[in-house]
Amino acid sequence: MEAFFKKAINQFAQNLPFVIYKKPNSNTISGLFQQNDSLFEATDFTEKGFVFASFDGSKTFLIPENQSETISTVFQKKEIVVSRNESNSPNELAKKNFVNLVAKGIQAIGNNEFKKVVLSRKETLELADFDLISVFENLVQLYPTTFVYCFYHPKVGIWLGATPEQLLKAKDKEFLTIALAGTQKDAGSTEVVWPKKEQEEQQFVTDYIVEKLKNVASEMVVSKPYSLKAGSIWHIKTDISGTLNSSSSLREVALLLHPTPAVCGFPKDKSKAFILENENYDRSFYTGFLGELNIEEQTDLFVNLRCMEIEDSQAHLFMGCGITKDSVPEKEWEESCNKSVTMKKVLDCRF
Ligand SMILES: C=C(O[C@@H]1C=C(C(=O)O)C=C[C@H]1O)C(=O)O
């Protein structure tokens, strides 16, 4: 593991692009270390490499496999101590802005503009000291069931995250995606009871994805909804798998799914337009997607959630909440605070 991280440190010191990542429940950390600093894009999704795409669809960057050294290492579990006091320092202005944004979303739903919209915010923290590799290791140690990554490109920036949400897994014509929604804080029990509002919201997401996929796939299998723990919060998840029609391409499916109702809303176009007009900040790569594209004949893409961008001595954290007609703005604010803890914890823990 040490030699692997040393490689990443050297790469970073030379301002060369790289990505290191660990898949959910896996023991392997993989890395692509690009040998030049060119900025590549995935265009038709027949490329091989690691893709990093923005929410608005304008950027689909790629660390190409054929321009990179690929290395992996086995992850060793360590005991870590989280020193952060989990209570959030209340920021009254940020709260007021978010509560107003959510209220506006609820009003638009009441006016039948769309049925669901995912509204988000950005929170900036000052970092006293920051070590890229330690923070990545903290993510790996703390969130074993998520997709953990650290992406660096001198022309893009530094992003880290631990996302519970798969966008698309595909091999040949077989694919898998999920519908994820509903959030509640972990109270220490594995028996999670979900209110009707959360169950309905998640069912909307499932139905919408299945309906969309009918255009490109056959033989779809939809699992029963079940509870999934990601860090200290729970979600409701449904697995959806199927076979792509011979005329459908990987790119078509990825773009059909992205952005999913779990991070945008539905109908997609109307909720996306509302987000772009009202959120008042640029989501950039948050709620975009990332992951392996045609590596060893497999594609494994995730939605970029529970993530942060590191810029100079600051960390920008991003969190969002699914808004439906039954949402309560104050509760959504609290949910966004709970989600922010996923990143806050790793900025403040020690081995
Ligand atoms: C948008 C985020 O999360 C999404 C929204 C959820 C919700 O509204 O309950 C749950 C999981 C994610 O699909 C985020 O974490 O930033």
Side-chain angles (χ1 to χ4, degrees), residues 24 55 98 101-102 105-106 109 114-123 139 143 145-148 159-168 177-186 192 194-206 208-209 225-240 257-266 268 271-272 274-275 279 281-290 301-309 316-329 331-345:
F55 166 71
F98 193 66
L101 172 68
V102 171
I106 297 170
I109 294 169
F114 39 76
K115 279 195 137 148
K116 174 182 174 179
V117 64
V118 178
L119 296 173
S120 69
R121 64 185 181 92
K122 173 169 153 176
E123 186 174 325
L139 285 169
Y143 308 121
T145 62
T146 67
F147 180 83
V148 174
W159 284 77
L160 295 115
T163 173
E165 189 155 340
Q166 178 110 46
L167 178 72
L168 177 68
T177 184
I178 65 162
L180 194 80
T183 300
Q184 63 175 281
K185 209 172 166 180
D186 181 32
V192 188
W194 290 99
K196 201 162 151 257
K197 179 223 163 212
E198 309 276 336
Q199 289 185 29
E200 275 179 6
E201 181 186 335
Q202 196 270 345
Q203 190 62 46
F204 276 152
V205 176
T206 306
Y208 186 87
I209 292 178
Y226 58 95
S227 299
L228 170 86
K229 192 172 169 212
S232 50
I233 45 187
W234 287 91
H235 297 301
I236 312 173
K237 178 177 173 184
T238 297
D239 298 315
I240 303 160
L257 290 171
H258 171 76
T260 69
V263 296
C264 181
F266 56 85
K268 181 149 88 173
S271 53
K272 190 174 171 186
F274 184 89
I275 290 169
E279 271 188 347
Y281 84 98
D282 181 6
R283 286 190 181 192
S284 175
F285 292 91
Y286 160 67
T287 60
F289 62 89
L290 77 169
L301 303 175
F302 293 81
V303 182
N304 199 5
L305 296 178
R306 317 294 142 77
C307 62
M308 59 187 166
E309 182 184 15
H316 305 291
L317 276 48
F318 301 84
M319 36 276 153
C321 306
I323 310 303
T324 61
K325 66 178 187 349
D326 300 320
S327 292
V328 177
K331 280 197 178 160
E332 302 297 344
W333 163 258
E334 275 163 32
E335 181 179 315
S336 78
C337 294
N338 291 339
K339 285 177 172 168
S340 75
V341 172
T342 310
M343 287 301 115
K344 285 178 178 166
K345 256 189 185 165

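Numbering starts at 1 and runs along the sequence shown. Read the numbers this way: they start at 1 and go in the same order the structure lists the ligands and their atoms.
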Self-check item: Protein heavy atom at shortest distance from atom 7 (C) of ligand 1
Solution: T183 OG1, 3.3 Å
Exercise. Provide, to 0.1 Å, the distance between atom 8 (O) of ligand 1 and the closest protein heavy atom, together with that atom's residue and name.
Key: G322 N, 2.6 Å
Quiz item: Looking only at protein heavy atoms, which one is nearest to atom 4 (C) of ligand 1, and how far off is it?
Solution: A262 O, 3.4 Å
Self-check item: Atoms in ligand 1 flagged as close to L305, the criterion being non-hydrogen separation under 4.0 Å
Solution: 1 (C), 2 (C), 3 (O), 12 (C), 14 (C), 16 (O)
Practice problem: Identify the protein heavy atom lying closest to atom 16 (O) of ligand 1, giving its residue, its atom name and the separation to 0.1 Å. | Solution: Y286 OH, 2.5 Å
Quiz item: Looking just at side-chain N and O atoms, do Y208 and T260 make a donor-acceptor pair shorter than 3.5 Å?
Solution: no
Self-check item: Numbered atoms and elements of ligand 1 in range of M319, under 4.0 angstrom, heavy atoms
Solution: 16 (O)
Self-check item: N/O donor-acceptor pair under 3.5 Å between T163 side chain and V303 backbone
Solution: yes
Quiz prompt | Side-chain donor or acceptor of K229 paired with backbone N/O of D186 under 3.5 Å | solution = no
Quiz item: Can you check whether G182 has an N/O within less than 3.5 Å of an N/O in ligand 1?
Solution: yes
Self-check item: Donor-acceptor contact below 3.5 Å, side chain T183 vs main chain H235
Solution: no
Exercise. Distance to 0.1 Å, residue and atom name: give those for the protein heavy atom nearest to atom 11 (C) of ligand 1.
Key: H235 CE1, 3.5 Å
Practice problem: Without swapping roles, check the side chain of K268 against the backbone of H258 for a donor-acceptor pair under 3.5 Å. | Solution: yes
Quiz item: If only atom types and distance count, is the side chain of Y286 paired as donor or acceptor with the main-chain N or O of K122 below 3.5 Å?
Solution: no
Quiz prompt | Ion pair E335/K331, N-O distance below 4.0 Å | solution = no
Quiz item: What protein heavy atom is closest to atom 5 (C) of ligand 1, reported as residue, atom name and distance in Å?
Solution: K339 NZ, 3.4 Å
Self-check item: Close side-chain approach of P259 and F55, heavy atoms under 4.5 Å
Solution: yes
Quiz prompt | Enumerated ligand 1 atoms positioned under 4.0 Å from heavy atoms of C321 | solution = 8 (O)
Self-check item: Numbering as shown, the atoms of ligand 1 that approach E335 to under 4.0 Å (heavy-atom distance)
Solution: 7 (C), 8 (O), 9 (O)
Quiz item: Just checking, is any N or O donor in the side chain of T146 or R306 under 3.5 Å from an acceptor N or O on the other one?
Solution: no
Quiz item: What atoms of ligand 1 come closer than 4.0 angstrom to any heavy atom of L180?
Solution: 11 (C), 13 (O)
Self-check item: Subset of ligand 1 atoms that lie under 4.0 Å from at least one heavy atom of E201
Solution: 8 (O)
Quiz prompt | Identity and distance of the protein heavy atom lying nearest atom 2 (C) of ligand 1 | solution = G320 O, 3.4 Å
Quiz item: Starting from atom 13 (O) of ligand 1, which protein heavy atom do you reach first, and at what distance in Å?
Solution: E165 OE1, 2.8 Å
Practice problem: Answer with yes or no whether the side chains of E332 and S327 bring together a donor and an acceptor at under 3.5 Å. | Solution: yes
Quiz prompt | Which of the ligand 1 atoms, numbered from 1, are nearer than 4.0 Å to a heavy atom of V118 | solution = 1 (C)
